[in-house]
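In this chain, numbering begins with 1 at the start of the sequence shown. Hydrogens, waters and symmetry mates play no part in the numbers below; they use all other heavy atoms, side chains included.
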Amino acid sequence: MSTSGQEAGTENSPLLRRHVGHQPDSIYQATSSLLEDGGTDTLGPRASFGAHFDAIPVEKRRLGVMSAVMLIFNRVIGTGIFASPSFILRSSGSVGLTFVMWILGSLVAAAGTAVYIELGTGLPRSGAEKTYLEFIFRRPKYLVTCIFAIYVPITGISAAAGLVFGEYAIAALDLAPTAFNVRAAAFICLTSCLILHGALLDLGLRIQNALGIFKFVVIFLVAGSGILSLLKFPGFAVGPEFDPPLSFSSWDSFWEGSDVGPTAFVTGMFNVIWSYIGYSNANYALSETRDPVRTIKRAAPLAMFFVACSYIFINIAYFAVVSKQDILGSGTVAAALFFRNLYGPATARASFSHTILSAIIALSTLGNILSVFFTQGRLVQELGREGVVPFSSLFASNKPFGAPLAGTSVQYLSTIIVVLAAPPGDAYLFIVNLASYPMVMFNMVLTGGLLLLYTAPFKAWDWNPPFKAYKPVVVFFFLANIFLAVIPLLPPNRGFEVYEHLPYWSHIVISIAIGLLGILYWFVFFKWIPQRRGYRLEQETVLQDDGVSRTVLRKVQDDAAH
């Protein structure tokens, strides 16, 4: 049983098989060829475009629109919504310019969402950037996969979120935070996430969705309370002992203090755009999504609409209740000031209220970690299904609990190492930045590749997905990613230093070096050794015991081939 790849030698054959532009029966036939040696046809008579792109059994497609929405919503909104408004205000200088930044950020996020919907509907398989880059950049064969495989353990690190959870969980228990108990709480949190998404998948999804709904309800209540205060609704007045919030009292006060200098504006926009990162999260799990084309077209815009509304209305609430001077000068997260001003002077200090706010932030962070663990586990599994990484069969497997435990463990181990071993300060911050910068590079290259698919030289790629973003939108997103890639290369202003002792560009240099390591891995194992030993690698697609297909690389001696 095989589909060994008769196109292996052609210039236009992708590393991943796809069926874009074919009729449904072509998809059915392509998938059925995997089952010709006794496998069970899981497609049924109503196979449709993209629904069974890679022969994943129907019973393994657990994600519907709600789960996909929560994958994105939980990934984008973590703790930043409670603290970011303070930082953005410091960069902008005024409430008015702060809203300009958040609106511009939402436009960038909307463009990114459109790009990923196009890619997801054209290639409805798990893996997101990995899958799309492999399709666009097909030569040298396996190169993109090798580079991506080296980056994955790094980009999946959730150490920052784990430690934030630990800090607020300890605060919710009314304990004094120490290095030991914060890391212990982070360890328990991360281990629980591994168990939920590696062994108790259905329960993990229910908890993940419930946390997303809880987070949205909290944001709705906070935003609603702030707007009622702005409208002078009885019972929602700011206490007289606090500075009166005047940001919305007049047009002049709304724009008072605006810093239109390029440095401050760029710094603010950089952080706003990062606050929206995560719109691609559902794309990592499309192989486990019911009717993935229809689902991603509905879920991604809906999730990002909720995200944008959450950011805009939570900012309105904060500035309606807390004075600009208080936010800039207190050093306290805006959410704590909001509760203090609206519900009395004891709110920010009282043990009960402090516990509630800490618990809310901890649960919000937990939802973020769960969503990242879920999708990163599928990304590692996709690498295993390509057969390019060591122990591919292990990482491709859903054994023993019907979930990618081995794939999820990769992210878990890399995160735990950072949480437990990395000292605070420059070393820890360096690792966090190292996990972030490659994502920008992948987005930049990927969006540039999508623009190439529109050109005549790539006509043979037959790119005709069910959804297409407007080309100006793709160009806008491409430029936004160039912005995110270039800004960290510029020397920071005084007071905005990235590190205390390390050069500000250190994580960028190491990020590039890791990519070069991926190229070296490809050259040694897929070019140099095969040439020296006189064989070539050919793909063969097989079915695992769980009904999921994966690729096996076979060595074919050149002499035998001729």
When you look at T113 and I117, which way does the side chain to side chain contact (heavy atoms under 4.5 Å, CB included) test go after all the steps? CA-CA 6 Å; T113 302; I117 293 174; 3.9 Å; yes

Lys/Arg cation over aromatic F187: R183, 6.0 Å, 45° cone: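 No.
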
Can you find a pair of side-chain heavy atoms, one from [X] and one from [Y], that are under 4.5 Å apart?
X	Y	value
F339	V222	yes
P245	V321	no
F305	C309	yes
L302	F73	no
T375	R75	no
N315	I88	no
I77	S310	yes
F313	I316	yes

How are the rings of [X] and [Y] set relative to one another: parallel (under 30°), tilted (30 to 60°) or perpendicular (over 60°)?
X	Y	answer
F99	F248	tilted
Y116	Y279	tilted
F430	H507	perpendicular

Are more than 12 heavy atoms from other residues, nucleotides or ligands located less than 6.0 Å from atom [atom1] of [X]?
X	atom1	answer
M439	CE	yes
Y470	OH	no
F467	CZ	yes
F270	CZ	yes

Nearest non-hydrogen partners of [X] and [Y], listed with the distance:
X	Y	value
N443	E129	OD1-OE2, 4.1 Å
W102	I312	CB-CD1, 3.8 Å
L490	Y504	O-CE1, 3.5 Å
S94	E256	CB-O, 3.1 Å
S92	T98	OG-OG1, 2.6 Å
S253	S247	OG-O, 3.6 Å

Quick one: does any side-chain atom of [X] pair with a main-chain N or O of [Y] as donor and acceptor, under 3.5 Å?
X	Y	value
K324	G93	yes
D326	V322	no
Y151	S511	yes
Y437	A485	yes
T295	V65	no
S275	N271	yes
S364	I361	no
N341	V238	no
S287	S126	yes

Stepwise side chain to side chain contact (heavy atoms under 4.5 Å, CB included) check, L119 with W463: CA-CA 10 Å; L119 292 164; W463 184 245; 4.1 Å; yes

So, taking the atom named [atom1] in [X] and the one named [atom2] in [Y], what distance separates them when rounded to the nearest 0.5 Å?
X	Y	atom1	atom2	answer
S323	L246	OG	CG	8.0 Å
L446	S280	CG	OG	9.0 Å
R378	R125	CZ	CZ	14.5 Å
L211	F216	CG	CZ	15.5 Å
F338	Y318	CZ	OH	7.5 Å
I72	S371	CD1	OG	10.0 Å

Does the side chain to side chain contact (heavy atoms under 4.5 Å, CB included) test come out yes or no for V266 and F483, once each step is laid out? CA-CA 9 Å; V266 164; F483 169 81; 3.8 Å; yes

With L434, which of I514, I508, V418 fulfils side chain to side chain contact (heavy atoms under 4.5 Å, CB included)?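 That would be I514; it is the only one of I514, I508, V418 passing the side chain to side chain contact (heavy atoms under 4.5 Å, CB included) with L434.
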
Identified side chain to side chain contact (heavy atoms under 4.5 Å, CB included) partner of L451 from the options F458, F478, F477: F478

Applying side chain to side chain donor-acceptor pair (under 3.5 Å), run through Q411 and S158 and close with a yes or a no. CA-CA 8 Å; Q411 184 198 0; S158 298; 2.9 Å; yes

Ring-ring centroid check H197 F373, cutoff 6.0 Å: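 Distance test on ring centres: not under 6.0 Å, no.
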
Aromatic contact between F374 and Y284, with the criterion being ring centroids under 6.0 Å apart: yes or no? no

Give the C-alpha distance, both sets of side-chain angles, the deciding distance and a yes or no for side chain to side chain contact (heavy atoms under 4.5 Å, CB included) between V164 and N368. CA-CA 11 Å; V164 167; N368 176 269; over 6 Å; no

With the threshold set at 4.0 Å, does a side-chain nitrogen-carboxylate oxygen contact exist between K130 and E134?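 Answer for the salt bridge query: yes.
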
